[in-house]
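For ligands, and for the atoms within them, numbers begin at 1 and follow the listed sequence. All of these numbers come straight from a predicted model, not from anything done at the bench.
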Amino acid sequence: MRDLLITGAALADGTTGDLGVRDGVFVPAADVTDAEQIDADGLLALPGLVDSHTHLREPGREDAETIATGTLAAARGGYTAVHAMANLDPVTDSAEAAEYLKALAGRTASAEVIVVGSVTKGLAGEELSEMGLMNRSAAGVRMFSDDGKCVMDSLVMRRALTYAKTFDGVIAQHAQDTRLAGTGACCHESEISGRLGLPGWPALAESVIIARDVELAQLAGGRLHVCHVSTAEGVEVIRWAKARGVNVTAEVTPHHLYLATREVESYDTTFKVNPPLRTDEHIEAVREALADGTIDMVGTDHAPHARQDKDHPFDIALPGMLGLEQSLAVVLEVMINTGRLDWPTLVERMSYAPARLSRTATQGRPIAVGEPANLVLVDPSARAVVDRDASASKSRNNPYHGRDLPDPVLATVWAGRLTYRR
Ligand code: NCD
Ligand code: ZN
């Protein structure tokens with residue numbers, strides 16, 4: 001691997017200098033020899049982004065995404081690590097499945113793949129999966145989630161939190177009470193869903209589960225992470241729980257920060273997602289929560305789907321949308337360009353916090369001599385119209401297609417290797 005010399009980049013704190021990279025770590029610029037040079041004058045260098053929530057689809061649905069294409073999309077979005085959700089086929093519910101995924105990633109990935117194990121066997125919500133064995137396996141799993149499905153059984157959830165605590169594991173919950181919506185719920189319950197005749201999810205289907213889970217986390221003394229918080233009520237419960245010292249973290253997706261439920265008026269199934277896009281009051285609440293730290297991090301919930309799974313009536317199409325390639329662009333647009341967030345806090349929300357979630361030591365570290373060489377070079381002022389066909393992802397369910405957004409990522413370095421350069 002060739003040395004890298006990155007000249008003139010500014011760090012998030014405003015300091016400027018040259019960066020050397022050798023053997024996967026940052027070294028003094030004067031130490032590199034025969035280096036590939038990158039002129040980063042006028043650019044920002046941020047620590048590599050870490051996604052707390054990615055669906056890679058391999059194994060099982062390689063027609064929608066593979067580890068190779070999903071992590072390439074990650075690299076193009078400035079990410080150097082992704083947490084690979086367990087709703088695969090086979091489900092990541094055993095040490096063997098976790099090790100298989102890690103080995104596959106070792107051969108094909110353009111970013112670190114952090115394996116997430118399921119909470120229950122087969123995501124069935126009944127019997128705990130082999131959490132301890134997955135933790136002690138070569139995959140070193142420390143995060144567990146049935147994401148895509150909510151762990152509805154309170155006793156199962158209590159046991160999961162109690163058990164994971166013994167090895168500092170975290171339970172990441174897809175908080176959505178399936179009993180509070182009729183079958184076929186496919187968007188946010190509001191005036192719009194009523195008018196369109198689409199069954200909706202009420203906002204409180206999310207907050208009642210978060211309320212139950214923070215109580216269980218306190219009882220068990222375990223770590224809880226709330227996936228894709230999308231409602232003002234959910235934010236309020238998390239704020240209350242944090243004030244009481246509950247060990248809880250939360251994420252928000254780029255799409256819940258930016259897109260509203262009015263998009264479903266087109267019946268375009270690209271905009272069908274779980275939890276659903278909400279109204280402006282909810283969008284304002286999650287933006288505020290990301291700014292004040294009630295929501296700790298951004299998780300993309302990158303959810304590629306093949307065309308044949310989206311080309312259906314709205315209530316039948318599979319839920320989920322892409323996120324990795326435009327995540328930084330969206331956060332830049334709605335949080336930085338509006339003055340709600342500064343760059344050091346963005347680094348905390350998009351790199352440091354998600355790495356801490358799974359205790360991943362190789363990620364979420366500052367750009368400094370001796371640290372792992374993970375970084376993204378950013379031009380904060382570049383803009384472009386998003387083209388879904390220019391994506392590295394195998395799928396085309398990109399909700400930002402045709403929109404004018406920041407286009408910030410110029411290069412990504414993962415473990416000393418250039419994984420993307422425009
Ligand atoms: C996700 C998927 O497709 O795997 N879908 C979605 O709508 N978000 C599952 C999930 O994150 O809940
Ligand atoms: Zn989910």
Side-chain angles (χ1 to χ4, degrees), residues 51-67 70 73 82-92 116 118-120 122-123 125 143-152 157 170-178 181 184-188 198 200-201 205-206 209-210 213 224-231 234 250-257 259 261 263-264 268-278 286 295 297-310 312 314-324 327 357 393-399:
D51 189 17
S52 56
H53 189 147
T54 306
H55 298 280
L56 288 175
R57 307 299 189 215
E58 184 180 11
R61 284 306 301 266
E62 292 84 348
D63 57 327
E65 198 76 288
T66 62
I67 291 174
V82 299
H83 288 77
M85 282 296 175
N87 62 339
L88 300 165
D89 187 9
V91 172
T92 316
V116 179
S118 72
V119 176
T120 67
L123 308 177
M143 179 163 150
F144 302 87
S145 182
D146 274 6
D147 182 67
K149 292 188 169 172
C150 181
V151 179
M152 285 295 296
M157 190 62 185
V170 61
I171 305 295
Q173 174 75 294
H174 171 117
Q176 203 170 35
D177 188 338
T178 48
C186 59
C187 63
H188 175 63
L198 296 174
W201 288 100
E206 174 171 285
I209 294 295
I210 300 175
D213 286 354
L224 172 71
H225 177 70
V226 187
C227 296
H228 41 50
V229 176
S230 64
T231 61
E251 78 192 14
V252 62
T253 69
H255 48 273
H256 289 114
L257 286 168
L259 298 168
T261 184
E263 299 294 343
V264 309
D268 179 345
T269 59
T270 309
F271 298 105
K272 178 172 176 181
V273 66
N274 242 343
L277 300 177
R278 306 287 187 181
V286 292
I295 293 179
M297 65 193 81
V298 174
T300 68
D301 192 10
H302 179 85
H305 284 300
R307 182 178 289 265
Q308 69 267 26
D309 292 319
K310 277 291 190 185
H312 288 295
F314 206 87
D315 55 335
I316 296 169
L318 290 186
M321 47 179 63
L322 301 186
L324 283 167
S327 177
L357 179 64
S393 171
K394 270 197 166 184
S395 292
R396 290 292 172 265
N397 52 322
N398 187 324

request  = Please determine if G320 has a nitrogen or oxygen closer than 3.5 Å to a nitrogen or oxygen of ligand 1.
outcome  = yes
query = Would a distance-only check, ignoring hydrogens and angles, find a side-chain to backbone donor-acceptor pair under 3.5 Å from E65 to K394?
reply = yes
query = Would you say D301's side chain and H53's backbone share a donor-acceptor pair under 3.5 angstrom?
reply = no
message = Heavy-atom pairs closer than 4.0 Å: do any link ligand 1 to the side chain of N87, the backbone, both, or neither?
response = side chain
task = Kindly say whether R396 contributes a backbone atom to a donor-acceptor pair with the side chain of H305 at under 3.5 angstrom?
result = no
For atom 7 (O) of ligand 1, the protein heavy atom that lies nearest, with its residue and separation = N274 N, 2.8 Å
inquiry  = Taking a cutoff of less than 4.0 Å between a non-hydrogen atom of the residue and any ligand atom, is H305 in contact with ligand 1?
reply    = yes
message = Restricting to non-hydrogen atoms, name the atom on F271 and the atom on P399 that form the minimum distance, rounded to 0.1 Å.
response = CE2-O, 3.6 Å
Shortest non-hydrogen contact between N397 and S395, atoms and distance = OD1-CB, 3.3 Å
query = With a cut-off of 2.8 Å, does H228 place any N/O/S atom under that distance from the Zn ion (ligand 2)?
reply = yes
request  = Check whether the side chains of D51 and H302 place a donor and an acceptor atom closer than 3.5 Å, and report yes or no.
outcome  = no
task = Examine the proximity of ligand 1 to D301 and report which part, side chain or backbone, both or neither, has a heavy atom under 4.0 Å away.
result = side chain
key: Trace of the salt bridge (charged side-chain N to carboxylate O under 4.0 Å, His left out) decision for K149 with D147   = CA-CA 5 Å; K149 292 188 169 172; D147 182 67; over 6 Å; no
ask   = For ligand 1, which atoms have a heavy atom of P319 less than 4.0 angstrom away?
value = 3 (O), 5 (N), 6 (C), 7 (O)
ask   = Hey, what's the angle at the Zn ion (ligand 2) spanning ND1 (H174) and OD1 (D147), nearest 10 degrees?
value = 100°
query = Atoms of ligand 1 less than 4.0 Å from G148 heavy atoms?
reply = 9 (C), 10 (C), 12 (O)
request  = Give the residue, atom name and distance (to 0.1 Å) of the protein heavy atom nearest atom 1 (C) of ligand 1.
outcome  = H55 NE2, 3.6 Å
inquiry  = Please determine whether C227 has a backbone or side-chain N, O or S atom lying under 2.8 Å from the Zn ion (ligand 2).
reply    = no
query = Under the 3.5 angstrom rule, does the side chain of H256 hit a backbone N or O of P275 as a donor-acceptor pair?
reply = yes
query = Is it the side chain, the backbone, both or neither of H228 that has a heavy atom closer than 4.0 Å to ligand 1?
reply = side chain
ask   = If we only count N/O pairs under 3.5 Å, is A303 in contact with ligand 1?
value = no
request  = Indicate, as side chain, backbone, both or neither, the part of H302 found under 4.0 angstrom from ligand 1 when only non-hydrogen atoms are considered.
outcome  = neither
task = List the closest protein heavy-atom neighbour of atom 2 (C) of ligand 1: residue, atom name, distance to the nearest 0.1 Å.
result = R57 NH2, 3.3 Å
message = Show the nearest heavy-atom pair for residues S327 and V298, with the distance to one decimal.
response = OG-CG1, 3.9 Å
query = What orientation do H174 and H228 show, parallel under 30°, tilted 30 to 60°, or perpendicular over 60°?
reply = perpendicular
task = Spell out, as yes or no, whether a donor-acceptor pair under 3.5 Å connects the side chain of K310 to the backbone of K272.
result = yes
inquiry  = Between D301 and the Zn ion (ligand 2), is there a contact where an N/O/S atom of the residue lies under 2.8 Å from the metal?
reply    = no
request  = Any atoms of ligand 1 less than 4.0 Å from a non-hydrogen atom of D147? List them with their elements.
outcome  = 9 (C), 10 (C), 11 (O), 12 (O)
ask   = Going by the atom numbers of ligand 1, which of them fall below 4.0 Å from some non-hydrogen atom of H53?
value = 11 (O)
